[in-house]
Amino acid sequence: MWGNTRMVVLTAICASLYAAILIPFKVIPLIPGVTEFRPANAVPIVCSLMFGPAAAWGSGFGNFIGDFFGGMGPGSLFGFLGNFFYGLIPYKLWGALSSREPVPRGPLSWLLLAYVILLSSTVCGVTIGWGLNLLGFLPFSVLASIIVTNNSVVALVLSPLLLRALYPRVKGSGLHYTDLLEGRALSAGRARLWGVLLLSLGAFGGLAWGELISLGTVKLRLIQELGMTTATGAFDVGLGMLPAIALIVLGLALL
Amino acid sequence: MAIYLYLDRESPIHRLHPVTKVSSLVLLFIAPMLVIHPVVLFPFLLFLLGVGVTSGCLTNLRRVWPFMVTLFTFTFLIWCFFYGGQREVFRLAGLRITQESMLFGLGMALRLVLLFFVGLVFLSTTRIEELTAGLQRLGLPYIVGFTLSLAFRLVPVFMDSALVIVQAQRSRGLDFGRGGPLQRLRKYLTVIIPVFMTALRKADGMAVALEARGFRAGQERTSCFRYSFSRLDGLALVAAVSFNVLYLMLRHWGMGLVG
């Protein structure tokens, strides 16, 4: 991707668009210093389905730039990672599940787009929630659910309409990632379906598992035996969720 | 429109080498993560205030203080409810507030405010060129640094065009504050779509302009910015490392933690 000048420019454009819409809404925080009401959350989904990997890097950079305006800290690293996944998953998942254009026209494409949005939002929420609980800043149970809801609601409302308006124009102008990368952005064959399965398991399973650990419903014996239990649950959530994070990474590698 | 926090001053902190600035930022992010007791974190706050005064960036505090107060209050309250503890002070809606939870909440709130303050000092004293130069010297590939810096530069362009579009839509009678939450959310489409279209129009032209100037020509890149290390850089790094060593030692001796 980095060898293509247009993809480099599109990465910068995705990042700046994301940041430009994020920054004005920094004044409406949901969790001060961590997250806010974000109408910009539709941008990574829409950009991903149009610009592919450029949107993944763009979402990570865009969130980082947004942090520059207020709230930069060690958590920005996980913010980058979560948003990178948020921009990476949609085009990979859509490519694995459908050969049609990602513009919702019938019930099946609506359902598929909703699943893409929900899964991407969940991976983003799980990654950031896991990271910030690992750092001991905020409980996973508070953060992950807010991010998942915030991302998915905004994206579900705005993405279909944005895609309808923008996708044909992008395709027509030759800036679609498949035109620029000549199909090199997606894995081939059965591996992709395994990827979808592992990714879904890691995301939805990870969200449920993380909530259970974070709320103290599930106690991890290994952490207790090692004497690593803390009030923030940093090690419980940090180590307990590693299998889910590993599934997500493996699923993404196969997609 | 000034959206970034950078303040153009002639201070010793501004003159630091970009590598020192980025390294100190990372080190100063780590230090308050090692301890949580508010009393132990207090000297770090004094140190940051000193750096803030030296760099002349305390004026930026005026821009962000409501945010810092909200951050502090919210973090304090959330950990008061979520942290356990033995010595109960009172109960609220079935949740126990203990002496330990209040102390921990105070420490965590102070920690987050300190981390925010470290970021604020960095952003007030570091230009985007310095950030990318520092990251590149620390191993970030040139192309990634270039993309990041291009993105930084485009943000005000797109924000300005969004503001113009908002005003144009308002003059046509569109009221962004009217209707239910979903209706209001959908009204943002009338801004997002034109901003997107402006961006798309720029994309191709920018790529052509870059290639015409030899971008990705495979030659070694040069820069008009020259940075050199000075004694000040050594001092800054020693100060940043010292806090980490001090807090690590305190932690090792079982101090600086709560509960």
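Numbers restart at 1 for each chain; the letters A, B, ... are given by sequence-line order, proteins then strands. Given the structure is predicted, the values throughout are model-derived calculations rather than measurements.
Contacts of A/R6 with chain B are made by both backbone and side-chain atoms, with heavy-atom separations under 4.5 Å. Within the 4.5 angstrom heavy-atom criterion, no atom of B/L120 approaches chain A. For B/M33, the part lying under 4.5 angstrom from a heavy atom of chain A is the side chain only. With a 4.5 angstrom heavy-atom cutoff, B/V195 touches chain A via backbone and side-chain atoms both. Contacts of B/L210 with chain A are made by side-chain atoms alone, with heavy-atom separations under 4.5 Å and no backbone atom involved. For B/F122, the part lying near chain A is the side chain, with the backbone staying farther off; criterion is any non-hydrogen pair under 4.5 Å. In this structure, the portion of B/L25 lying under 4.5 Å from any heavy atom of chain A is its side chain and not its backbone. Both the backbone and the side chain of B/I193 come within less than 4.5 Å of a heavy atom of chain A.
No other option in A/L161, A/L175, A/T11 has as many heavy-atom pairs under 4.5 Å with chain B as A/L161. Between chain B and the options A/I13, A/L10, A/L135, heavy-atom pairs under 4.5 Å are most frequent for A/I13. Looking only at heavy-atom pairs under 4.5 Å with chain A, the residue among B/V144, B/L150, B/I30, B/V118 that has the most is B/V144. Ranked by heavy-atom pairs shorter than 4.5 Å toward chain B, the options A/T5, A/L166, A/V9 are led by A/T5. Ranked by heavy-atom pairs under 4.5 Å with chain A, the list B/G119, B/S161, B/A203 is led by B/A203. No other option in A/P74, A/A15, A/G136 has as many heavy-atom pairs under 4.5 Å with chain B as A/P74. Most heavy-atom pairs under 4.5 Å with chain B: of the set A/V157, A/V8, A/L162, A/L17, this distinction falls to A/L17.
Between the side chains of A/N41 and A/Y86, no donor-acceptor pair of N or O atoms lies under 3.5 Å. Side-chain contact annotation: B/T132 with B/S149, donor-acceptor N/O pair under 3.5 Å absent. With no hydrogens or angles considered, a side-chain donor-acceptor pair links B/T98 and B/S101 at under 3.5 Å.
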Query raised in the report: Under the ring pair (Phe, Tyr, Trp, His ring centres under 6.0 Å) criterion, do A/H176 and A/Y167 qualify, and how do the steps go?
Result: CA-CA 9 Å; A/H176 194 268; A/Y167 191 87; 5.3 Å; yes

Query - From CA spacing to verdict: side chain to side chain contact (heavy atoms under 4.5 Å, CB included), B/T75, B/L110 - result: CA-CA 9 Å; B/T75 312; B/L110 188 57; over 6 Å; no

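Ring pair A/F61/A/W57 is tilted by interplanar angle, where 30° to 60° counts as tilted. A perpendicular orientation is assigned to the rings of A/Y91 and A/Y177, their planes being inclined by more than 60° (bins at 30° and 60°). Classified by interplanar angle (parallel below 30°, tilted 30° to 60°, perpendicular above 60°), the ring pair B/F44/B/F243 is perpendicular. Note on ring orientation: taking the six-membered ring where Trp is involved, the planes of B/F104 and B/W79 are perpendicular (angle over 60°, cut-offs 30° and 60°).
Salt-bridge formation is detected for the pair B/E129/B/R153: a Lys NZ or Arg NE/NH1/NH2 atom is positioned less than 4.0 Å from an Asp or Glu carboxylate oxygen.
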